[in-house]
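Data block below; observations after.
In this text the structure is predicted, and so the values were computed from the model without any measurement. The basis for the numbers below is simple: all heavy atoms, side chains too, and nothing from hydrogens, waters or symmetry mates.
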Amino acid sequence: MTVRVRLAPSPTGTLHIGTARTAVFNWLFARHLGGAFLLRIEDTDRERSRPEYTANILDGLRWLGLDWDEEPVIQSERIEAHRAAIQQLLASGHAYRCYASEAELAEMREAQAAAKEAPRYDNRHRHLSPEQEQAFIAEGREAVVRFRIDDGATIVWNDLVRGEMRWSGSDLGGDMVIARRAPADGIGDPLYNLVVVVDDAAMAISHVIRGEDHIANTAKQLLLYDALGLAAPEFAHTPLILNGEGRKLSKRDGVTSLSEFRELGYTADALANYMTLLGWSPPEGMGERFSLAEAAPVFGFERVNRAGARFDWDKLNWLNAQVLHGLPAEQLLALLAPRWRAQGWSAPSGEAGWELELAALLGPSLVTLQDGVEQARPFFERPSLNDEARQQIESEGARAALAAVLQALEPADPAQLAHQALDADQAKTLLGEAAKTASVKKGVVMKSLRAALLGSLQGPDLVATLLLLQPGGEAVARLQRSL
């Protein structure tokens, strides 16, 4: 059998982390078995579907490195095939038109609630006579199309994650609507469970891999496959992504869309790595840090957990830091530069390689790319002094130390300031001599200089900081201000 899997997102919002995780699992399974990973855009919700959401979904998948093997199928372009399938079900007696009004259905649900019964359709129009149908039509009633579900049926399938699954027809809520309301001589808009079956069969999908919240849909869809005479695919229902309280991750938890994770400064490598770990356990010896290409050869559903996967920010942050710390300065700069440009920042004029040196300096301390904005800010913008920095500069010996550093940095001819440059050894020597000149410990010089240059007592390597700020006179200007 040729393995063909699909991701079928609805473009009614941006790419959700749960949908992205489903995409990762589908892609890994396909690549593991040399199969095809396909896309279908399920845009039949006309009111909520937007082309910008489709673009967001495709861009997010590309960013993660999930390539697909055929042109995406657009579900709305296949509506005639869906209606033909519904017509087939009507002709075979597997489906019928239901004329129950919304008011009648609401009354039915209220009665069930009052009796503390589970909501379900009571199949009241399953056996209408031709005369009864004509009477409803004469009233001007429109009809939905419902698929007959035998309450006595038992739906069984072998789930690749959960093993044998058994579902009773009586637990599926009564006869299922497969087309919205329309005049009795027509068929309204086909609905999810019907169109998914028709499209998966047309795309020759061999395995449907999706979240466990679709298990009830799978039972309904297997009945539809049988009624339409179509071969059913295999199913794998993956665990849901849960928040810290053990509930399904939702918008109430804040960040849920892939674009939001990107904006926060998470890398594609780290996020794809982390999503693979949300429900899948790597083989012993593999470790938790890996690429999708490294995971694909060993991926299988025998290592997918049944229990929900709790989202762990600490684990994601650790993975992202590992990715950033391992990047060459050139690659890190390519990721940081767009964020710096968005702030309106650029390197001091004539300082070739300055930004590359800054990226190399900040890299080892970054957890997210957004950290690379906040940590770079005092290099692009002259910072104010925080309380700790002010206290340090006002402490004993600090001003003398800064004056000694300033004297060593200032050239006799101010016009030469822009051309004066130090190397690391010279800077270390200069700081040592400043301590002697001011008659203070070298620690006083270092702490005071950090306060003057960065406005804070925290920051990256001080010598490297001085070397970046010294050309062009910025270090001198900050020392003068502090004094």
Only distances under 3.5 Å count here; give the side-chain donor-acceptor pairs of residues 275-282 to other protein atoms, sequence neighbours excluded, each with its distance to 0.1 Å.
| from | atom 1 | to | atom 2 | distance (Å) |
| --- | --- | --- | --- | --- |
| Thr276 | OG1 | Ala272 | O | 2.8 |
| Trp280 | NE1 | Gly300 | O | 3.4 |

Tell me whether [X] is salt-bridged to [Y], with the criterion being a basic N under 4.0 Å from an acidic carboxylate O.
X	Y	answer
Asp189	Arg46	yes
Arg50	Asp43	no
Arg339	Glu263	no
Arg162	Glu212	yes
Asp69	Arg31	yes
Arg262	Glu260	no
Arg78	Glu80	no

For the aromatic rings, using the six-membered ring if either is Trp, is the centroid distance between [X] and [Y] under 6.0 Å?
X	Y	value
Phe29	His207	yes
Phe379	Trp340	no
Phe147	Tyr225	no

Within 45° cone and under 6.0 Å: Arg146 NZ/CZ vs Tyr121 ring: yes
Under the criterion side chain to side chain contact (heavy atoms under 4.5 Å, CB included), which of Asn26, Val73, Leu58 is the partner of Leu39?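 Answer after filtering Asn26, Val73, Leu58: Leu58.
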Can you see whether Arg120 engages Gln112 through a side-chain donor-acceptor pair at a distance of less than 3.5 angstrom? no
Consider only side-chain N and O atoms of Asn320 and Thr368, and report whether a donor and an acceptor are under 3.5 Å apart.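 No, because no side-chain N or O of Asn320 sits under 3.5 Å from a partner of the opposite role on Thr368.
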Any donor-acceptor pair under 3.5 Å from Trp68 side chain to Trp27 backbone: no
Answer yes or no: is there a donor N or O on one side and an acceptor on the other, between the side chain of Tyr266 and the main chain of Leu316, under 3.5 Å?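 Not at all, since once roles are kept as given, no pair shorter than 3.5 Å links the two residues.
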Those residues that, when tested against Pro383, pass side-chain contact (heavy atoms from CB on, under 4.5 Å) (two or more places apart): Pro378, Arg478
